[in-house]
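Labels below follow one simple rule: chain letters A, B, ... track the order of the sequence lines, proteins then strands, and each chain is numbered from 1. The basis for the numbers below is simple: all heavy atoms, side chains too, and nothing from hydrogens, waters or symmetry mates.
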Amino acid sequence: MNQLLKKFPQEIKKILAKYPPDQKRASVMPLLHLAQQDRGYISRETMAEIAEIAEVEVTEVASVVGFYTLFHTEPGGKIRIQVCTDIACALRGSREYLDGLCAELDIKPGGTTPDGLVTVEEVKCLAACDRAPMFQSQMGDELEYHEHQTVARTMDWLRSMMASLRLPESDEPLSLEPEGGDHE
Amino acid sequence: MSELWLLRHRQIPGLNQLSNYLQHGGFESWKKAVTKLTPEDLVNEVKNSGLRGRGGAGFPTGAKWSFLPNTIWPHYVVANADESEPGTFKDREILEFNPYQFLEGLMLASYAVRAHTAYVYLRGELWHIAHKLDERIAELTSSGYLGDNLFGKDYSLRIHTHLGAGAYICGEETALLESMEGRLGQPRLRPPFPAVSGLFGYPTVINNVETLTNLPLIIDKGAAYFRAQGTEKSPGTKIFSLSGRVKKPGNYELPLGTTFRELIYQHGEGIINDAQIKAIMPAGASSSLIPATEVALDTPMDYESVGALGCALGSASVIILDETVNASTVVSDTIHFFKHESCGKCTPCREGTFWMARVIDRIEAGKAKEEDIDLLASIASQMQNKCLCALGEFSTVSVISAIKNYRADFAARLEK
Ligand SMILES: Cc1cc2nc3c(=O)[nH]c(=O)nc-3n(C[C@H](O)[C@H](O)[C@H](O)COP(=O)(O)O)c2cc1C
Ligand code: SF4
Ligand code: FES
C-alpha cells in the first residue's frame, strides 16, 4: 500500500489537479515537498511511492532528489539553521557570525549537535542580503527567516525554541549544552 | 518621495489584503482588459510602453508575447519567482507585500496571450510565500476574479504555484521549465524557443515577477504615463537591490537612468565608516567588478549605459565593495557560487568552474605563484562563448574584470 497516498489523499489529489492529466511527472517535486514536510527527509520507500503516483521510474525520482539541495535523504537535527554566507552577506560579516555560532554550539558547519537537535548549514543567497547576517530555520514544515543576527541573539532564540521542544519520553526541556567529543 | 509603482505598499499600508488592494483601484485593469479590450490591445499597449523584462536580459515584453504562434494551443504563462541571484531581493518584497498587483499582472499577461492556465515558479525557500499565494488565489477565485466565464465573458483563467528546491539554474527559463516538468533543472538546447515549444511542449511566456507587476499600471494609465519615468530606451522605474558595504542597504524603486551615485550616496547613505568606495557589481554575482570612478558613479543605470561600462545591468542587484575588501576574496565567493550552481550539463562550465575554484583556493590559501593569476584568467577566458547557457558565461565575468582591474589584490595573496 502506498503510505503517502494513504496519509495525504486530499493533498495529493490537489497536487495532481494542478497539471494536465497526461503530465503527472510535473507532480514529482510537489510530492517530494509534501513528503519532506511530513518527515523532514525523503526515504527510499517514499521515493518509490512518489514514483508510483507520478508514473515515473524510482531512479528518476532519486536523481531529482539528488539534484536539488533542499531535498534531504537523511534526518537532520530537529532545527536546521541555514546561514547565508554568500557574497553580499559575506560583505556584512556573515562568515564571522557563522564561525561564532558554530563555536558556541561546538560543531562545524554542516554538523549536528550530539543531542540531534540543531544542524547548522552554510547556504547560498536567500534573497535577504540587506539584512545580513541572516539565517533561515527549518523545523518540520516551518520555514522562517531570521535577519540582522548576532550570535547572542541566535542563541537566545535557540534556547527559547528548546524550551518549547520537549523530548517525547521526558518532560524536561532539552538542554543545549554541547556533550563534547568530535562530531561532524 | 516620488510616486512608487511597484513598491506601492510602502505608501499604502496593508496592500497585501484584498480589500485594501481593491480600495486602491485593484483589479480595475483586469476587469477593463477582460470586458473591454482584446488580447491584441494589451500586446500593443505593452509594446508602446517600451516595458523591458526585469529578470535580467531586458527583453521587450510586448514583443516577447507576440512570438507565440496562434496555431498551437494551449498557451501557458509562467511567472519566474526563482530570485536566486546573490544580491537580489526585490521579487520577494513584491510577493510578500504587494502580491495582488503581481497576480493582476500575471493575469493580464495570461489574457494577452490567451492562456487559460498560469503558473508561479517560486524558489523552494519561499515556501511560506507560496502557501500565502495559494490562499490569495483561492480568495480571488471565490471573488470571481479567477475561474470560469470571468465577468460574464468567454474567458477562464486558473493560477497554480510550483515550488523549486534550491537550484539557482532554475531561474534560467528553460531549466525552469524542465524543473516544472519534474526533471533535473538543466537548460534546454534552443531552438525551439519556449515561445513555440515551452511548458509541456506548448507555447509559453516566461516573465519575471517585477516585469509582471508593472502591467496593471500600464493598462490602467496607458503607455505614455509609463514612459514619463525612465529613459527613452529603458522606460519606467526599476527596483534596485542595494547591498554590500553601504550604510543603508535595501530595495530602492527609482526611475531607470538614475545614477549609481544617487543610489549609493543619497539612498544608500554612502559607505560604511565613510570608507572609500572601490567597485560596483551592478548585477549580483554575475557582474564585472566595475571600478567606482567618477565616470562610473555618474553613469545612469539603464540597460544601454551600464552595458557601455562593460557589464549588463541584469536584475539590478547592486553590490558595493569598499577599500576594505580584497577583490580576490570576492572572486573566490563568486567562483564557489557558480561551481556549486553549475548544473553539470556541459563540459566547459562544469570543468571550468571546478578548475577556477582549485586555483582561487590556492591563491586565497597563500600557496599560489604569480603564474596562477594568469592561469585563472586564462581558464575564465577559455570558457567564454563555449557554454550552453549564460550561467557559464556569468561565472567568468567577475574573474576577468577583477584580475584586469585589481591584480594587486591577487598578488598580495601569493606565496611569500
Ligand atoms: C543562470 C540564470 C539565472 C536566472 N535567474 C533568474 C531569476 O532568478 N529570475 C528571473 O526572473 N530571471 C532569471 N533569469 C532570466 C530568465 O532566463 C528569463 O530571461 C526571465 O525570467 C525572463 O523574464 P523577463 O523577460 O520578464 O525578464 C536567469 C537567467 C540565467 C541564465
Ligand atoms: S553553462 Fe553551466 S549551468 Fe549552463 S548548461 Fe552548461 S553546465 Fe549547466
Ligand atoms: S547574499 Fe546572503 S541573502 Fe543574499
Side-chain angles (χ1 to χ4, degrees), chain A residues 14-15 17-20 22-34 36-37 50-51 54-56 60-61 63-72 82 84-93 95 122-132 134 136 138 141-145 147, chain B residues 74 83-93 117 119 123-128 158 160-168 170 179-186 199-200 241-245 248-251 272 281 284-285 317 319-322 325 329-330 333-334 336-337 340-341 343-344:
Chain A
K14 258 181 152 164
I15 287 173
K18 288 184 174 190
Y19 311 99
D22 60 343
Q23 298 290 342
K24 284 213 173 69
R25 173 193 280 271
S27 65
V28 168
M29 288 182 48
L31 291 169
L32 286 168
H33 279 296
L34 177 73
Q36 181 159 295
Q37 274 167 36
I50 288 173
E55 295 172 11
V56 296
E60 295 178 82
V61 177
S63 67
V64 168
V65 171
F67 184 86
Y68 295 94
T69 54
L70 285 186
F71 293 135
H72 308 292
Q82 299 174 323
C84 172
T85 55
D86 214 337
I87 171 166
C89 286
L91 289 168
R92 303 185 76 83
R95 290 253 160 72
E122 239 182 299
V123 296
K124 301 295 179 195
C125 182
L126 291 169
C129 334
D130 55 336
R131 290 139 197 224
M134 64 83 59
Q136 162 183 277
Q138 216 181 341
D141 59 355
E142 297 279 329
L143 253 171
E144 207 183 326
Y145 274 49
E147 300 167 333
Chain B
E83 183 162 76
S84 309
E85 180 71 44
T88 315
F89 43 91
K90 63 187 180 66
D91 296 339
R92 190 183 143 215
E93 178 168 348
T117 308
Y119 293 95
R123 60 179 296 177
E125 290 85 351
L126 301 187
W127 172 89
H128 51 300
R158 285 179 172 72
H160 305 291
T161 58
H162 187 103
L163 277 178
Y168 165 74
C170 291
S179 176
M180 278 210 58
E181 292 180 10
R183 297 193 175 84
L184 308 191
Q186 294 183 318
L199 185 62
F200 309 134
S241 296
L242 180 65
S243 70
R245 305 291 301 164
K248 213 171 145 232
N251 284 322
I272 295 176
M281 300 178 75
S317 27
I319 304 178
I320 302 301
L321 313 182
D322 68 4
V325 179
T329 312
V330 172
D333 286 344
T334 62
H336 282 282
F337 175 78
H340 185 259
E341 299 299 340
C343 80

Under a 4.0 Å N-O cut-off, is there an ion pair linking B:D333 with A:R95?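 Yes.
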
Check B:R92 with A:E147, please: is the shortest side-chain N to carboxylate O separation under 4.0 Å?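 The answer is yes: the pair qualifies as a salt bridge.
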
Keeping the roles fixed (side chain from A:Q136, backbone from A:L143), state whether a donor-acceptor pair exists under 3.5 Å.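 Answer holds: no.
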
Are any side-chain N or O atoms of B:E83 and backbone N or O atoms of B:K90, one a donor and one an acceptor, separated by less than 3.5 Å?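 At least one qualifying donor-acceptor pair exists.
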
Determine the minimum heavy-atom distance between A:F67 and B:L184, stating which atoms define it.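 A:F67 and B:L184 have their closest heavy atoms at CB-CD2, 3.6 Å.
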
Is it the side chain or the backbone of [X] that comes within 4.5 Å of chain A heavy atoms, both, or neither?
| X | answer |
| --- | --- |
| B:C170 | side chain |
| B:Y168 | neither |
| B:R183 | both |
| B:L163 | both |
| B:E341 | side chain |
| B:S179 | both |
| B:S84 | backbone |
| B:L199 | neither |

4.5 Å side-chain heavy-atom contact, [X] and [Y]:
| X | Y | answer |
| --- | --- | --- |
| B:L242 | A:D130 | no |
| A:L91 | B:D322 | no |
| A:L126 | A:M134 | yes |
| A:F71 | A:H33 | yes |

For chain A, the option from [options] that forms the most heavy-atom pairs under 4.5 Å:
| options | result |
| --- | --- |
| B:S243, B:G166, B:C343 | B:G166 |
| B:G284, B:G344, B:G185 | B:G185 |
| B:P74, B:A285, B:A167, B:G244 | B:G244 |
| B:M281, B:R123, B:H336, B:Q186 | B:R123 |

Among [options], who wins on heavy-atom pairs under 4.5 Å with chain B?
| options | value |
| --- | --- |
| A:R92, A:Q82, A:M29 | A:R92 |
| A:K24, A:R25, A:E144 | A:R25 |
| A:V28, A:I15, A:D86 | A:D86 |
| A:A17, A:A26, A:A128 | A:A26 |

Where does A:E60 contact chain B at under 4.5 Å (heavy atoms): side chain, backbone, both or neither?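 Neither part, no heavy atoms under 4.5 Å.
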
B:H160-A:Y19 aromatic ring centre distance below 6.0 Å: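 Between B:H160 and A:Y19, the centre distance exceeds or equals 6.0 Å.
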
For B:F89, run the side-chain contact (heavy atoms from CB on, under 4.5 Å) check against B:P249, B:S317, B:S241 and tell me which one passes.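 So the option named by the test is B:S241.
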
